[in-house]
Amino acid sequence: MKAIYELIYKDKNSNARYGKIHTNYGIYETPMFMPVGTLATVKTLTPEELKEIGCGIILANTYHLWLRPGEDIIAKAGGLHKFMNYDGPILTDSGGFQVFSLAKLKDISEEGVKFKSHLDGSELFLTPELSIQIQNKLDSDIAMSFDECPPYPVTYEYMKNSVERTLRWAKRGKDVHTNEKQALFGIVQGGEFEDLRRWSALETVKLDFDGYAIGGTSVGEDKETMYKMIEYSTSYLPEDKVRYLMGVGDPIDIIEAVIRGVDIFDCVLPTRLARHGNALTTYGKMNIKNAQYKEDFKPIDENCDCYTCKHYTRAYIRHLITCDESLGGRLLSIHNIHFLVKLTEDLRSAIKEDKVIEYREKFLKNYQNKE
RNA sequence: GCGAAUAUGGUGAAGUGGUUAACACAUCGGAUUGUGGCUCCGACAUGCGUGGGUUCGACUCCCACUAUUCGCC
């Protein structure tokens, strides 16, 4: 079964939507946050822990798994789900972002992207077709089109060419996509340019994908610009398809995007922050390494009922992080992912009561009023 | 008791007769948004064991003292 979106309710005071996404592994409510598990693991956490936190879809990455261990090994293992023992839905990113963000770019051509592996420097060539074929082998539930994610800022001319090429790549990918059980999403680009966003959205929709993603945000632009990019994109996307904002996970950004009609998110932020000793809390971001928590025996967030907050103190987690003990990052990852999962849960409730705008005000008031 | 060596920030240590005394770790802050990275960026000795002396000027040279370490009675 492909991932099918079901719009259930629209907030009366904004563009926020409550819906459900039907997948091979069950039905999940949106808005939803998807944690990132690039290398077929949400860093430090087991599938059981993810389930307990309340996660639905998780991400894995085509570029990384292509290089290691290789898609054939994963296919031999019986697909990504079996390989990593996750019996929930998995979305694979196309590798487009990695090619532009971490590999040493050599050449972007119509055919694809030539670049150097970040592992050993060897020269590789990734094309829209290859990305889709790898994702087919990985057997994820949702595959992403191979796109270009340009930096910010680039000229209008550059962006126009890039968006047009990304559209041609999307079509090529779709043409070789044969996995009937795997959904395929298209990606809207266009930077901060309204007409390019519109064009990108409308043209991508014409290709008829199972869902639509908004890419190219959070690449260095300011918040207002980013929110506009989101608005420009969602306003031209069909209501009966899911909208996925790629790579965004700051709590405030999630709320602002939901208000602009976005349904699902993914982000490394909760797990990366965790490994660096930061916690997301209802009263803002907390750097647990700060000396003020040395003798603080309260939970990370007193309003939180996650496993970490139920059993551990700030002082203990600070000690673990300070000593570079991996349990510290694990406990904070559990908390941070739970925080975003709970945030989307609260947003769903608010939407159903037409109270998303009020929810935002209330959230901001607490979040910016650090303890 | 005698002889020798060494004394630089929380730690380990560079260093020069003359503007701001390296660097590392620790500490204290900050960053982090489709995850190579246990990552990145800042701050951090008004003083170089103590007291004298030489010199225009000493942390760097000289003397005494103190401490530590090693060796010998």
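Within every chain, numbering begins at 1; the chains are lettered A, B, ... in the order of the sequence lines, protein sequences first and strands thereafter.
The distance between atom CG of A:L67 and atom C1' of B:G37, rounded to the nearest whole Å, is 15 Å. The interatomic distance linking A:D120 (CG) with B:G36 (P) rounds to 16 Å, in whole Å. If you take CD of A:Q292 and C1' of B:U27, they are 16 Å apart, rounded to a whole angstrom. Rounded to an integer number of Å, the gap from CE of A:M286 to P of B:U32 is 18 Å. In this structure, the CE atom of A:M32 is 15 Å from the C1' atom of B:G34, given to the nearest Å. As rounded to whole Å, 15 Å separates atom C1' of B:C38 from atom CG of A:L39. Distance CG (A:N278) to C1' (B:U39): 13 Å, rounded to an integer number of Å. Atom pair A:R330:CZ and B:C38:P shows a separation of 17 Å (rounding to whole Å applied).
The side chain of A:F97 approaches B:G34 more closely than any other nucleotide in the set B:G29, B:G34, B:U32. Of the candidate nucleotides B:G36, B:U32, B:G30, B:U32 has the atom nearest to the side chain of A:H276. Out of B:G36, B:G29, B:G34, the shortest distance to the side chain of A:V268 is found at B:G34. Comparing atom distances between the A:K285 side chain and each of B:G34, B:A31, B:G36 picks out B:A31 as nearest.
Side-chain nitrogen and oxygen atoms of A:N287 include at least one within less than 4.0 Å of the OP1 or OP2 phosphate oxygen of B:G30. Applying the 4.0 Å criterion to OP1 and OP2 of B:U27, one finds that A:K289 has every side-chain N and O outside that range. Phosphate proximity of B:C28 to A:K294: present, with a side-chain N or O under 4.0 Å from OP1 or OP2. Contact annotation: A:K43 side-chain N/O to B:U39 OP1/OP2 distance is not under 4.0 Å.
Scanning atom types as modelled, one donor and one acceptor separated by under 3.5 angstrom connect the side chain of A:D147 and the base of B:G34.
B:C63 and B:C44 have their P atoms separated by 37 Å, with the value rounded to a whole Å. One C1' atom belongs to B:U6, the other to B:C48, and the distance between them is 14 Å to the nearest Å. Comparing the same atom, C1', in B:U55 and in B:C62 gives a spacing of 12 Å after rounding to whole Å. Comparing B:G10 with B:C28, their C1' atoms sit 13 Å apart, to the nearest whole Å. Atom P of B:G42 sits at a distance of 44 Å from the matching atom of B:A67, rounded to the whole Å.
A pairwise comparison of heavy atoms in A:R243 and A:T234 identifies NH2-O, 3.6 Å as the closest pair.
Within a 6.0 Å radius of CD in A:E295, no more than 12 heavy atoms belonging to other residues, nucleotides or ligands are found.
Using a 4.0 Å heavy-atom cutoff across all strands shown, A:L59 reaches sugar-phosphate atoms only and no base atom. Across all strands shown, A:R318 has heavy atoms under 4.0 Å from sugar-phosphate atoms exclusively, and none from any base. Note on A:G216: a base of the nucleic acid sits closer than 4.0 angstrom, heavy atoms only. Using a 4.0 Å heavy-atom criterion, one finds that A:Q189 contacts the bases of the nucleic acid, with or without backbone contacts as well. A:L269 comes within 4.0 angstrom of the backbone, heavy atoms only, and of no base. Within the 4.0 angstrom heavy-atom criterion, base atoms lie near A:D253. A:T322 comes within contact range of the sugar-phosphate backbone alone, with a heavy-atom separation under 4.0 Å but no base atom that close.
Applying the side-chain hydrogen bond (donor to acceptor under 3.5 Å, both in side chains) test between A:H81 and each of A:D141, A:D139, A:D87 identifies A:D141 as the sole match.
Between A:F115 and A:Y63, the ring-plane angle classifies as tilted under the 30° and 60° cut-offs. Ring-plane geometry between A:Y316 and A:Y312 is classed as parallel, the angle between the planes falling under 30 degrees on a 0 to 90 degree scale with a further cut at 60.
For the pair A:K76 and A:F83, the cation-pi test (distance below 6.0 Å, angle within 45°) is failed. Taking the ring axis of A:Y18 as reference, the NZ or CZ atom of A:K352 stays within 45° of it and closer than 6.0 Å to the ring centre.
A search for side-chain contact (heavy atoms from CB on, under 4.5 Å) contacts involving A:E6 returns A:I8, A:K20, A:H22, not counting sequence neighbours.
With salt bridges taken as basic N to acidic carboxylate O contacts below 4.0 Å, one links A:D346 and A:K342.
With the 3.5 Å cutoff on both pairing distances, Watson-Crick and G-U pairs in RNA chain B assemble into runs of at least 3 at B:1-7 with B:66-72, B:10-12 with B:23-25, B:27-31 with B:39-43, B:49-53 with B:61-65.
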